*Asks:* 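Handing you this structure, nothing more for now.
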Amino acid sequence: MNPIMLAATNGLGQQRDGRALAQLRERLTSLGVEAELLPDNSALIVRRPEPGLPVWVFVGYGGAYFSWQSAERRHPVGDVEGAASVLAECAAK
């Protein structure tokens, strides 16, 4: 694949991942969980209600999973509602 096509393909993947993270942020917000997208839409920061480190969420595994806790925890991107429920529970701990 030539460099121009490779760059275009990578850009499409980043846009898709950013949209998935934005959907997850919207669902978390509706659950009352504070979540913020990084300006480049590369990660979602999920804030804890109590003082503590936030949970950083990325899209990984070729765009198939939301992942957090150094990729030890993951949830399918196709199940935004389920991912939001799991993350809300994780952030509450």
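As the structure is a prediction and not an experimental result, all values here were calculated from the model. Quick note: numbers below take in every heavy atom, side chains included, and nothing from hydrogens, waters or symmetry partners.
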*Asks:* Would you sort out whether L21 and V59 count as a side chain to side chain contact (heavy atoms under 4.5 Å, CB included), showing the intermediate values?
*Replies:* CA-CA 7 Å; L21 289 168; V59 175; 3.8 Å; yes
*Asks:* Identify the heavy atoms of A91 and P49 that sit nearest to each other, and give their distance.
*Replies:*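 Heavy-atom minimum between the residues: O-CD, 3.5 Å.
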*Asks:* Under the side chain to side chain contact (heavy atoms under 4.5 Å, CB included) criterion, do V46 and V33 qualify, and how do the steps go?
*Replies:* CA-CA 7 Å; V46 180; V33 177; 3.6 Å; yes
*Asks:* Would a 4.5 Å heavy-atom cut-off, applied to side chains only, mark I45 and P54 as touching?
*Replies:*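 Yes, their side chains come closer than 4.5 Å.
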*Asks:* Would you say the side-chain atoms of R73 pair up with the backbone N or O of F66, donor to acceptor, closer than 3.5 Å?
*Replies:*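 No, because the side chain of R73 does not come within donor-acceptor range (under 3.5 Å) of the backbone of F66.
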*Asks:* Using a 4.5 Å cut-off on heavy atoms from C-beta on, say whether the side chain of L24 contacts that of L44.
*Replies:*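 The answer is yes, as the side chains (C-beta and beyond) meet within the 4.5 Å cut-off.
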*Asks:* Rounded to the nearest 0.5 Å, what separates atom CZ in R27 from atom CG in D79?
*Replies:*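 Output value for this atom pair is 10.5 Å.
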*Asks:* Could you pull out the closest heavy-atom pair between L31 and S85, with the gap in Å?
*Replies:*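 Heavy atoms only, the tightest pair is CD1-N, 4.3 Å.
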*Asks:* Quick check: is L28 connected to V86 through a chain of hydrophobic side chains (ILVMFWY, heavy atoms under 4.5 Å apart)?
*Replies:*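 In one cluster: yes.
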*Asks:* If you define the side chain from C-beta out and look only at heavy atoms, does anything of W56 sit under 4.5 Å from Q69?
*Replies:*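 Heavy-atom side-chain distance check fails, nothing below 4.5 Å.
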*Asks:* So, is the end of the R74 side chain (NZ or CZ) under 6.0 Å from the ring centre of Y61 and within 45° of the ring's axis?
*Replies:*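 Judged by the rule (NZ or CZ under 6.0 Å from the ring centre, within 45° of its axis), R74 counts as positioned above Y61.
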*Asks:* Determine whether Y65 and L87 fall in the same hydrophobic cluster, where Ile, Leu, Val, Met, Phe, Trp and Tyr are linked whenever their side-chain heavy atoms lie under 4.5 Å apart.
*Replies:*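 Y65 does not cluster with L87.
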*Asks:* Salt bridge or not for R47 and E36, using N-O below 4.0 Å?
*Replies:*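 Salt bridge between R47 and E36, a charged N being under 4.0 Å from a carboxylate O: yes.
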*Asks:* Side-chain heavy atoms under 4.5 angstrom apart, residues restricted to Ile, Leu, Val, Met, Phe, Trp, Tyr: same cluster for V80 and F58?
*Replies:*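 Looking at the clustering, F58 is in a separate group from V80.
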*Asks:* What is the minimum heavy-atom distance between V55 and C90, and which atoms define it?
*Replies:*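 For V55 versus C90, the nearest heavy atoms are CG2-SG, 4.3 Å.
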*Asks:* Any chance you could measure E72, atom CD, to S67, atom OG, to the nearest 0.5 Å?
*Replies:*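 Nearest 0.5 Å value for the CD-OG distance: 11.0 Å.
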*Asks:* Has E81 got more than 12 heavy atoms of other residues, nucleotides or ligands less than 6.0 Å from its CD?
*Replies:*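 12 or below, so no.
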